Amino acid sequence: MSNNKQADELPRIGFIGLGLMGKPMAANLLKKGHSVSVYNRSAKSVDELASLGAIATKSPKEVAQNSDIVIDMVTDAPDVQQVLLGQNGVIEAARKGIVVIDMSTNSPEVAKSVANELEAKGMEFLDAPVSGGDKGAKEGTLTIMVGGKKQVYEKCLRVFEAMGKTITYTGSVGSGQAMKLCNQVAVAIHTLATSEALLFGTALGLKSDELLKVLTSGAANSWNLQYLGPKIAARDFEPGFKAAHLFKDLKAVMRSIEREKLVLPGTTTAYELFGAVLASKEGEKGTQVVAKILEKLAEREIK
Ligand code: NAP
């Protein structure tokens with residue numbers, strides 16, 4: 001089958017937000033033969049995707065005009081609302097049957113309210129946040145949790161499969177975001193656990209590489225120990241997932257904790273420490289930078 005014939009048979013995809021996650025996700029859709037129209041606030045990553053065969057556009061509205069399925073992967077709720085519902089947003093190109101998928105992390109409440117506005121214009125909506133980091137985005141192995149109408153999810157399954165490995169239908173709209181916030185509770189505590197184990201171990205005179213080898217082969221093992229542990233030990237604080245973004249997610253979790261009258265002390269501690277990361281103006285670093293806060297409190301470094 002020629003590439004053009006293949007592209008004719010696949011849904012045309014629009015992709016808005018080409019950051020650490022969006023850029024490799026859009027590239028994986030191109031690799032699977034989809035026609036992909038892209039938009040990003042700053043131009044550099046649009047040019048990079050265009051050099052791989054994507055169609056560059058000037059607005060989310062233009063993306064939607066070109067597409068059967070529009071995906072956004074921007075930062076936070078106001079950004080999602082802006083690109084989907086704002087001026088020159090996707091909603092201005094509303095037509096019946098077009099599917100909009102928000103893959104960024106925000107909250108179940110935002111998903112429900114965006115769905116209401118888009119569905120009132122005849123569009124379909126799924127909330128489909130992801131886990132697996134920049135590594136999973138590049139390798140096309142993301143875990144994707146999808147809320148919305150089952151038949152719309154089924155229609156989009158092959159598109160999700162181009163970007164991820166474990167794809168789960170979580171139920172009605174907003175349930176994908178609810179699942180993602182649970183994920184962030186565990187991620188925040190695991191990141192802290194990794195940092196604490198490294199600080200404690202090296203304070204006791206252990207070597208960080210040996211410590212990581214032992215801990216990742218036993219009951220303490222986690223994605224964070226495997227992937228972020230070596231980065232902390234190498235003092236590599238470049239972002240795969242920005243600390244500011246985890247703090248944004250923990251803020252959404254804290255609002256739910258309050259509403260549901262729950263007590264989650266590990267999450268609350270992580271929230272405070274990631275708040276300290278932002279106060280130290282290190283929010284654009286990777287989440288592993290929380291180790292530096294522990295170092296400051298202990299007045300010693302992980303060696
Ligand atoms: P990022 O690198 O900061 O990228 C965000 C992208 O969205 C950028 O391309 C940015 O454009 C664009 N954007 C933000 N606000 C916008 C607006 N108002 N209008 C138009 N474009 C806008 O972030 P990321 O790491 O890719 O994360 C994206 C989402 O995925 C976040 O919700 C994050 O929590 C979630 N997530 C991230 C990871 C991870 O490991 N990184 C994992 C799972 C989920 P500019 O380039 O112009 O700034």
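Counting convention: from 1, in listed order, for ligands and their atoms alike. As the structure is a prediction and not an experimental result, all values here were calculated from the model.
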J.: Can you name the atoms of ligand 1, numbered from 1 with element, that are less than 4.0 Å from a heavy atom of Val83?
T.: 19 (N), 20 (C)
J.: Given Leu18, Asn40, Val74, which has its nearest heavy atom closest to atom 10 (C) of ligand 1?
T.: Asn40
J.: Below 4.0 angstrom from a heavy atom of Gly133, which ligand 1 atoms are there? Numbered from 1 as shown, please.
T.: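 Answer for ligand 1: 40 (O).
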J.: Would you indicate which of Met73, Arg41, Lys180 comes nearest to atom 17 (C) of ligand 1 when only heavy atoms are counted?
T.: Arg41
J.: In terms of residue, atom name and distance, what is the protein heavy atom nearest to atom 2 (O) of ligand 1?
T.: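 For atom 2 (O) of ligand 1, the nearest protein heavy atom comes out as Leu20 N, 2.9 Å.
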J.: Run the numbers for me: atoms of ligand 1, each under 4.0 Å from some heavy atom of Ser42, listed by number.
T.: 45 (P), 46 (O), 47 (O)
J.: Which residue holds the protein heavy atom closest to atom 1 (P) of ligand 1, what is that atom called, and what is the gap in Å?
T.: Lys242 NZ, 3.6 Å
J.: For Asn224 and Thr194: C-alpha separation, side-chain torsions, deciding distance, then whether side-chain hydrogen bond (donor to acceptor under 3.5 Å, both in side chains) applies.
T.: CA-CA 7 Å; Asn224 268 268; Thr194 297; 4.8 Å; no
J.: Has Lys23 got any heavy atom lying under 4.0 angstrom from an atom of ligand 1?
T.: no
J.: Any atoms of ligand 1 less than 4.0 Å from a non-hydrogen atom of Thr75? List them with their elements.
T.: 5 (C), 14 (C), 15 (N), 31 (C), 32 (O)
J.: Can any side-chain N or O of His34 pair as donor or acceptor with the backbone N or O of Leu10 at less than 3.5 Å?
T.: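 A pair under 3.5 Å: no.
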J.: Indicate the atoms forming the closest heavy-atom contact of Gln65 with Ala93, along with that distance.
T.: CG-CB, 3.7 Å
J.: Using a 4.0 Å cut-off to any heavy atom of Asp134, which atoms of ligand 1 qualify?
T.: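 Selected atoms, number and element: 40 (O).
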J.: Any ion pair linking Glu124 and Lys149 (charged N to carboxylate O, less than 4.0 Å)?
T.: yes
J.: In the protein, what heavy atom is nearest to atom 34 (O) of ligand 1, and what distance, to one decimal place, separates them?
T.: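 Result: Lys248 NZ, 2.9 Å.
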J.: Around atom 4 (O) of ligand 1, find the nearest protein heavy atom and jot down its residue, atom name and distance.
T.: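 That would be Gly19 CA, 3.3 Å.
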J.: Between Asp79 and Ser104, does a side-chain hydrogen bond (donor to acceptor under 3.5 Å, both in side chains) hold up when you go through it step by step?
T.: CA-CA 10 Å; Asp79 309 305; Ser104 36; over 6 Å; no
J.: Please determine if Gly17 has a nitrogen or oxygen closer than 3.5 Å to a nitrogen or oxygen of ligand 1.
T.: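 No, there is no polar N/O contact under 3.5 Å.
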J.: Looking only at N/O atoms, are Thr105 and ligand 1 under 3.5 Å apart anywhere?
T.: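 Between Thr105 and ligand 1, an N or O pair is found under 3.5 Å apart.
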J.: Check the pair Asp134, Lys138 against salt bridge (charged side-chain N to carboxylate O under 4.0 Å, His left out), reporting the backbone distance first and the verdict last.
T.: CA-CA 6 Å; Asp134 61 326; Lys138 285 177 197 146; 3.4 Å; yes
J.: Does the pair Asn88 and Ser59 meet the rule for a side-chain hydrogen bond (donor to acceptor under 3.5 Å, both in side chains), with working shown?
T.: CA-CA 6 Å; Asn88 273 323; Ser59 69; 4.6 Å; no
J.: Are Lys112 and Glu119 ion-paired here, with the side-chain N under 4.0 Å from a carboxylate O?
T.: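 Salt bridge flag = no for Glu119 with Lys112.
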J.: Taking only residues at least two apart or on different chains, which pairs with a member in residues 258-303 satisfy ring-ring contact (aromatic ring centres under 6.0 Å, His included)?
T.: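 Of all non-adjacent pairs touching residues 258-303, those that pass ring-ring contact (aromatic ring centres under 6.0 Å, His included) are Phe247-Tyr271.
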J.: Identify, for atom 42 (C) of ligand 1, the protein heavy atom at the shortest distance, and state residue, atom and that distance.
T.: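 For atom 42 (C) of ligand 1, the nearest protein heavy atom comes out as Met21 CE, 3.6 Å.
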J.: I'd like to check which ligand 1 atoms, numbered from 1 as shown, lie under 4.0 Å from a non-hydrogen atom of Ser104.
T.: 29 (C), 32 (O)
J.: Under a 4.0 angstrom heavy-atom cut-off, which atoms of ligand 1 come close to Gln82?
T.: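 Atoms satisfying the 4.0 Å criterion: 18 (N).
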J.: Answer with yes or no whether Ser131 contacts ligand 1, where contact means a heavy atom under 4.0 Å from a ligand atom.
T.: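 Ser131 does not count as a contact of ligand 1 under the 4.0 Å cut-off.
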J.: Could you list all the ring-ring contact (aromatic ring centres under 6.0 Å, His included) pairs where at least one residue sits in residues 136-163, not counting sequence neighbours?
T.: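 Checked against ring-ring contact (aromatic ring centres under 6.0 Å, His included) - neighbours excluded - the pairs reaching residues 136-163 are Tyr153-Tyr169.
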J.: Tell me whether Lys121 is salt-bridged to Glu92, with the criterion being a basic N under 4.0 Å from an acidic carboxylate O.
T.: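 The answer is no: the pair does not qualify as a salt bridge.
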J.: How far is atom 23 (O) of ligand 1 from its nearest protein heavy atom, and which residue and atom is that?
T.: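 Here the closest protein heavy atom is His245 CE1, 3.1 Å.
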J.: Going by the order shown, which atoms of ligand 1 are within less than 4.0 Å of some heavy atom of Gly240?
T.: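 Ligand 1 atoms under the 4.0 Å threshold to Gly240: 39 (C), 40 (O), 41 (N).
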J.: So, the side chain of Thr168 versus the backbone of Met145: is there a donor-acceptor pair under 3.5 Å, distance only?
T.: no
